[in-house]
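Sharing a structure, written as structure tokens. Questions coming.
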Amino acid sequence: MSQTVTESHTDGQIGSASDLHLAAFRFMLWARLLDEKFATLYRAGKIHGGVFLGRGQEALSAAIGVHLNKTDVFAPLIRDAAGRLAFGEPIIDAVRTYMGSALGPMRGRDGNVHRGKPQDGYLPMISHLGAMISVVNGVLFARRMKGIKGIVGAACLGEGATSTGAFHEALNQAAVEKLPLVLVVANNQFSYSTPNDRQFACADLAHKAVGYGVEAHSVAGNDFAACMEVVGRAVARARAGHGPQLVVADLLRLCGHGEHDDAGYIPPDMKNSPLGRDCMKLAEEFLLKKKFTDAAQIAVWRSEAVREIEDAVAQVQREPAPDPFAENWTALATENLSEGRE
Amino acid sequence: MSQTVTESHTDGQIGSASDLHLAAFRFMLWARLLDEKFATLYRAGKIHGGVFLGRGQEALSAAIGVHLNKTDVFAPLIRDAAGRLAFGEPIIDAVRTYMGSALGPMRGRDGNVHRGKPQDGYLPMISHLGAMISVVNGVLFARRMKGIKGIVGAACLGEGATSTGAFHEALNQAAVEKLPLVLVVANNQFSYSTPNDRQFACADLAHKAVGYGVEAHSVAGNDFAACMEVVGRAVARARAGHGPQLVVADLLRLCGHGEHDDAGYIPPDMKNSPLGRDCMKLAEEFLLKKKFTDAAQIAVWRSEAVREIEDAVAQVQREPAPDPFAENWTALATENLSEGRE
Amino acid sequence: MSITYLEAIREAQAHALRDDPRVFIYGQDVGAFGGAFKATKNLQKEFPGRVLDSPISEDAMVGLAVGAAIEGMRPIIEMQFADFSTVGFNQIVNQASTLFWRTNVPCPITVRLPFGGTSGSGPFHSQCIEAIYAHYPGLVVLTPATVEDAYSMLLGAVAVNDPVIFCEHKFLYYHLKAEKLPSEALPIGKARIAREGRDLTIVTYSAMVHEALVAATELATEGWEIEVVDLRSIKPLDTDTVMASVARTGRLLCVGEAWPWGGVTAEVIARVTSEGYGLLDAPPQRLNAKDTPVPYHPNLWAAHRPTSRSVAAAARNLLRT
Amino acid sequence: MSITYLEAIREAQAHALRDDPRVFIYGQDVGAFGGAFKATKNLQKEFPGRVLDSPISEDAMVGLAVGAAIEGMRPIIEMQFADFSTVGFNQIVNQASTLFWRTNVPCPITVRLPFGGTSGSGPFHSQCIEAIYAHYPGLVVLTPATVEDAYSMLLGAVAVNDPVIFCEHKFLYYHLKAEKLPSEALPIGKARIAREGRDLTIVTYSAMVHEALVAATELATEGWEIEVVDLRSIKPLDTDTVMASVARTGRLLCVGEAWPWGGVTAEVIARVTSEGYGLLDAPPQRLNAKDTPVPYHPNLWAAHRPTSRSVAAAARNLLRT
Ligand SMILES: Cc1ncc(C[n+]2csc(CCOP(=O)(O)OP(=O)(O)O)c2C)c(N)n1
Ligand SMILES: Cc1ncc(C[n+]2csc(CCOP(=O)(O)OP(=O)(O)O)c2C)c(N)n1
Ligand SMILES: [Mg+2]
Ligand SMILES: [Mg+2]
């Protein structure tokens, strides 16, 4: 997969709009199928701990991923399988992390959505919501000190995370430093089960921007074409030196908070409203209508994706589990300062 | 003093505008002179730890104090001697706290501006900026649960404190609960030595309100009449059930961060600008112009204030210091659960 | 009928809400949803207006509780996971814990921390940070190990006039069952002899009590009689019960699921050796988790925390000393 | 010429900035103003663009440092007071401390905490919370007690490839003076014998080293030879040096300015008694602050924390055992 899909995504340097859209769509497709595979494995008891899907949020997530270059910075959250793939994460890294493989980037130490490679500007989330934003700031800040220009850093979060002190401090910090931060808020109307009227009281989360002195962008988060355009614009503004950009996307997650949750708290009315439309379907319709591709091609991609995912899972299932005796059981890089090992 | 000044301030039920203005002015005067006394004591080495003045911020502080009733809630910060007096704090409580008297409300356990009486809705600040706001929310929330209506809670802070996560979480919480919170931000252009361009990037702090879904009020913080009007309006809006109110007042502190600081970082230009005008002078001019009072009367008040302050200090200086052997050295209300005492 | 540790926590809250109009519950998803673990299931329906969803704002959640406590209420705050209480840390350790000492106004809040390791939960959903809170003055820190204690100690926590950090172990939520809820209980602050013995005392708390009991059963087949002390409360810590047990057995092994530096095991050993030195026939020993974050993969997790097997091994070593 | 503890901290930072382009300083008022305590005086002028005022955002300050460290920088974060680090707590204990373990990417940040009691500073500007950080894996916690150590250990902290919590005692800032800065130093992680003796070992750190030394001098007039071990680093903790000292003296008194539950004194006693039980001729003892917030009034403050007088009294008791 890392080959097939990233082929057409040569480090953000994709020629035409249609190329970029097709690339994004393929990441969405791969992400949707990958998520579904994780859900299946979860139900089969093959995954330890929780499984968190991005179902319904792939368009937004892919849009941010495809607009980042390899030299940019990315801090995705739990529903960003699409953006992760678009940023260059090989499928096998996702599978290895979920399965706790010793060969994965997290070596079985952390799991599921907690994965990344900081040395590649791909920051592995800690669970505490809002906490990654200031870390993105730090990377951007350091790069500026080093004279590196033209890069951006994107951090994703849900609308619930905007209630955290960490979100506030970090967005303000980015604004004061005028950092090229793109903050993408997926407003999926619920944080876990909590509806927006128990989470915030502003008419529109995009209204927050003026209070920080940053630019805001609103978008229908399940409208693929709109996401591509609006997120693209936000990334371009940040890259051009206009400081932090706040993107607020309205949408619905078409799944539970995690696979243990049936999302019974989402009212049917809402599911049946425009908010509840599946971005995958809308994206497909858009591409077909624009004649960027055809149904046969999509079917080919789909089966390619399924095969690659199955292959990755099969491979990882043969891989060694982490061995506690091979662990050095220290949290310090400076081994001679570590203590408490046996 | 608690008599003389609070006489005309019968629990917010002051008859005419001129009465309220006069009351506020007298609190300002008392506060200015009290602060000056603390500064003198500090220079004489008579006070342990720091001394923090409200010089230049008395109009704003008094305005909030006089608009609160005794049954309201008040969480002042370090520059609120005027508001504290207006809310009903006896001078002697301030002096006892600064001098660490065993008879003061804090019994020598905490000092200087860290004073209050929670049971009277007068919340003693902890030092961590922003931390008192959610506590005010809690009192308001509890009173609403108990069916108590028509009250408001005010929290004061500096512009620097708006950068804290605590500020953000608490203001959002108040907005979600639609609590009658009045948040008074004294934007004195510096947080300690840090100028506003290193603190925030929005054009106007009042712009933050829309991002929380609360109402905003801006005012020239050294303009006595304006403070009275705007703060009065904000308190009335909160009391009438319109949810949290954010008041942003622009002004300058006419002193150091604490008495150890000469505020050399405040540019002379700024001091000489309208921002740097002394609210005491403006208030006096206003009262004289309006013929609410005359210079002779003000002179009388001033000497009354000086005498009361001197009396209070003299009294407290004769009072016992806290006796470590009389302390029970437990932090728990439940004595039988406390441990570690000797 | 049988009732789980988690249900006991729900029942205690229902009981508290029923008996005391000053009690309310505030936390993320605690309302209609009934909480991430369902510890408040149906409570919002049963007690309208008194079980409220909060924004994702741990700092403000605790701050609100303190304000409400000042006003005479007795709030229960549910943290979704103990690990997230670090974001509300300041309000707990600087606002709540100091209020009474500063002002003479009590601060009766209960902060529920679903804590401790479960398989596959990883570094940010598994932490045992009870010692962090116990270090600060002004807090009571409870760690119930049984269904009965989960129930009665939570009722006790709400009744106490001080801030209580209530550490409920997620590993015990569904596993642990009792026939019925207790009508009587040891007072808050007292430890319990979970198993009597005369050869060695294991002092522990929360989920590790059960690992210790399994180890004790195993060691019994080898002829050893192990006494297991369940601390129940780590602050205050019932030194008397611990000392009395050590006086009987002469040997002390402290077991904790938390990280090794400091914490309950160090505190217990420091107390026993400074106050009851002569009681010991062998050096006191301790067994903690390893000094790294809690790993995700079950293989690593099982090696990271003490288990009945490693407890038994440590006990055997100590018995041979 | 003489140099204070505070000046040593400034000099170490100047040195680090000069020698290593990856170093920068970020904190409230550290820029033109030179910091609340003047620990960064003139540094912004000397090193333009590398000493930056931050907003009042402790969480984001630490988060930014972690991001910069990922990018290869070596940031120094100044907390205005250690007490305010509770607001940046989560980024320290969950982000910075876990980064290397999770990802194999080091996190070389130094968080400077001006800590400890001074007269009249009260409950929120006096705290000793080093044990809170030491409890978490992934952090190094340093507590220099001398001007020389303030200098060399801060240089060492910046050089270490891990997050370092650098606890600099405010009481020592102006009081403590040395003739010159050292060119050599003990390695980070090693304790120091601050005074040799053979009758009793006092293990302590930071400002309490000086109280212990005064007590030792006083006890010398009574004929006792007290050995004082200055831990320097509380995590890692140099058990070997402590044990060797206790092996010589047979008696152990641990002194800490922090609160009594848990902490350094408990950890030291737990280690010595479990690993070197036979070395002790008397029960180990400890002396800590009282279990309340730190009081404002000097009379109360003096009774709250250990002083040379109470250290001497505790030592005398132990010598008589
Ligand atoms: C500081 C903090 N508190 C609580 C949680 C527990 N938690 C995990 S996800 C979640 C809901 C997040 O909602 P939102 O930000 O809207 O993202 P969504 O799941 O809707 O994508 C909560 C409360 C957490 N991770 N961090
Ligand atoms: C969380 C926190 N960080 C740092 C401090 C230290 N501090 C005390 S006052 C102050 C400046 C406050 O500035 P501002 O809020 O503008 O109020 P002002 O002093 O100007 O009235 C700082 C940084 C603190 N009290 N709390
Ligand atoms: Mg959401
Ligand atoms: Mg200010």
Side-chain angles (χ1 to χ4, degrees), chain C residues 58-59 83-94 97-98 101-102 123-124 127 129 131-132 134-138 141 234-237 252 254 258-278 280 282-286 289-293 295 321, chain D residues 58-59 83-94 97-98 101-102 123-124 127 129 131-132 134-138 141 234-237 252 254 258-278 280 282-286 289-293 295 321:
Chain C
E58 282 78 4
D59 185 278
D83 315 53
F84 302 139
S85 69
T86 48
V87 191
F89 190 62
N90 185 57
Q91 295 283 16
I92 297 176
V93 304
N94 280 313
S97 77
T98 67
W101 181 82
R102 287 184 295 132
F124 307 113
Q127 293 174 14
I129 53 174
I132 296 299
H135 187 55
Y136 280 86
V141 185
I234 64 154
K235 191 167 186 186
L237 198 155
L252 171 64
C254 294
W259 291 303
W261 197 105
V264 175
T265 60
E267 181 63 24
V268 168
I269 290 180
R271 293 192 188 195
V272 170
T273 57
S274 63
E275 296 168 36
Y277 196 71
L280 287 165
Q285 297 296 323
R286 57 185 178 149
K290 295 200 195 300
D291 198 27
T292 72
T321 321
Chain D
E58 283 77 4
D59 185 278
D83 315 54
F84 302 139
S85 70
T86 48
V87 192
F89 191 62
N90 185 57
Q91 295 283 17
I92 297 175
V93 304
N94 281 313
S97 78
T98 67
W101 181 81
R102 288 185 295 132
F124 307 113
Q127 293 174 14
I129 53 174
I132 297 299
H135 188 54
Y136 280 87
V141 185
I234 64 155
K235 190 166 187 188
L237 198 155
L252 171 64
C254 293
W259 291 304
W261 196 105
V264 175
T265 59
E267 181 63 24
V268 168
I269 290 180
R271 291 192 189 196
V272 170
T273 56
S274 63
E275 297 168 35
Y277 196 71
L280 287 164
Q285 296 297 324
R286 57 185 178 147
K290 295 202 196 297
D291 199 26
T292 73
T321 321

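Chain A is the first sequence line, chain B the second, and so forth, proteins listed ahead of strands; every chain is numbered from 1.
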Does any heavy atom of chain D fall under 4.5 Å from the side chain of W101(C), the backbone, both, or neither of them?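 Side chain only.
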
Using a 4.5 angstrom heavy-atom cutoff, name the option from G276(D), S85(D), P295(D) with the most pairs to chain C. P295(D)

What is the distance from atom CD of Q285(C) to atom CD of E275(D), rounded to the nearest 0.5 Å? 8.0 Å

Would you mind checking which part of L252(C) comes under 4.5 Å of any heavy atom in chain D, side chain (CB onward), backbone (N, CA, C, O), both or neither? neither

Can you measure from CZ (F89(C)) to CD1 (I132(D)) and round to the nearest 0.5 angstrom?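 If I round to the nearest 0.5 Å, the distance is 5.0 Å.
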
Heavy-atom pairs under 4.5 Å with chain C: which of A134(D), G262(D), G138(D) has the most?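 The candidate making the most pairs under 4.5 Å is A134(D).
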
Could you check whether any side-chain heavy atom of V93(C) comes within less than 4.5 Å of a side-chain heavy atom of Q127(D), counting everything from C-beta outward?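 No; the side chains remain at least 4.5 Å from each other.
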
Residues in side-chain hydrogen bond (donor to acceptor under 3.5 Å, both in side chains) with S97(C), at least two apart? none

Residue, of L237(C), N90(C), V272(C), that accumulates the most heavy atom pairs under 4.5 Å with chain D: N90(C)

So, for S274(C) and P284(D), which heavy atoms are closest and what is the spacing to 0.1 Å?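 S274(C) and P284(D) have their closest heavy atoms at CB-O, 2.8 Å.
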
I need the minimum non-hydrogen distance between A266(C) and A270(D), along with the two atoms involved.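 Distance-wise, the nearest heavy atoms are CA-CB, 3.8 Å.
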
Taking every non-hydrogen pair under 4.5 Å, which of A131(C), P123(C), G278(C) racks up the most with chain D? A131(C)

P293(D) to P137(C) - nearest heavy-atom pair and separation: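 Looking at all heavy atoms of both residues, the shortest contact is N-CG, 3.7 Å.
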
By a 4.5 Å heavy-atom criterion (distance strictly below it), what part of V264(C) contacts chain D: side chain, backbone, both, or neither? both

Rounded at 0.5 Å granularity, tell me how far CG in D291(C) sits from NZ in K235(D). 3.5 Å

Looking at OG1 of T292(D) and CZ of R102(C), how far apart are the two atoms once the value is rounded to the nearest 0.5 Å? 12.5 Å

Parallel, tilted or perpendicular: ring planes of Y136(C) versus W259(D), cut at 30 and 60 degrees: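 Y136(C) and W259(D): tilted rings.
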
Choice from N94(D), I129(D), T265(D) maximising heavy atom contacts with chain C below 4.5 Å: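 Ranked by contacts with chain C, first place is N94(D).
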
Side chain of W261(C), backbone of I234(D): donor and acceptor closer than 3.5 Å? yes

Side chain, backbone, both or neither of D59(C) within contact of chain D (heavy atoms, under 4.5 Å):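 The answer is neither part of D59(C).
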
Rounded at 0.5 Å granularity, tell me how far CD in Q91(D) sits from OG1 in T86(C).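 Spacing of CD (Q91(D)) from OG1 (T86(C)) equals 9.5 Å.
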
I269(C) CD1 to R271(D) CZ distance, which is reported to the nearest 0.5 Å: 11.5 Å

Can you say whether F84(C) sits under 4.5 Å from chain D via the side chain, the backbone, both, or neither, judging by heavy atoms?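 Contact with chain D: none, neither part.
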
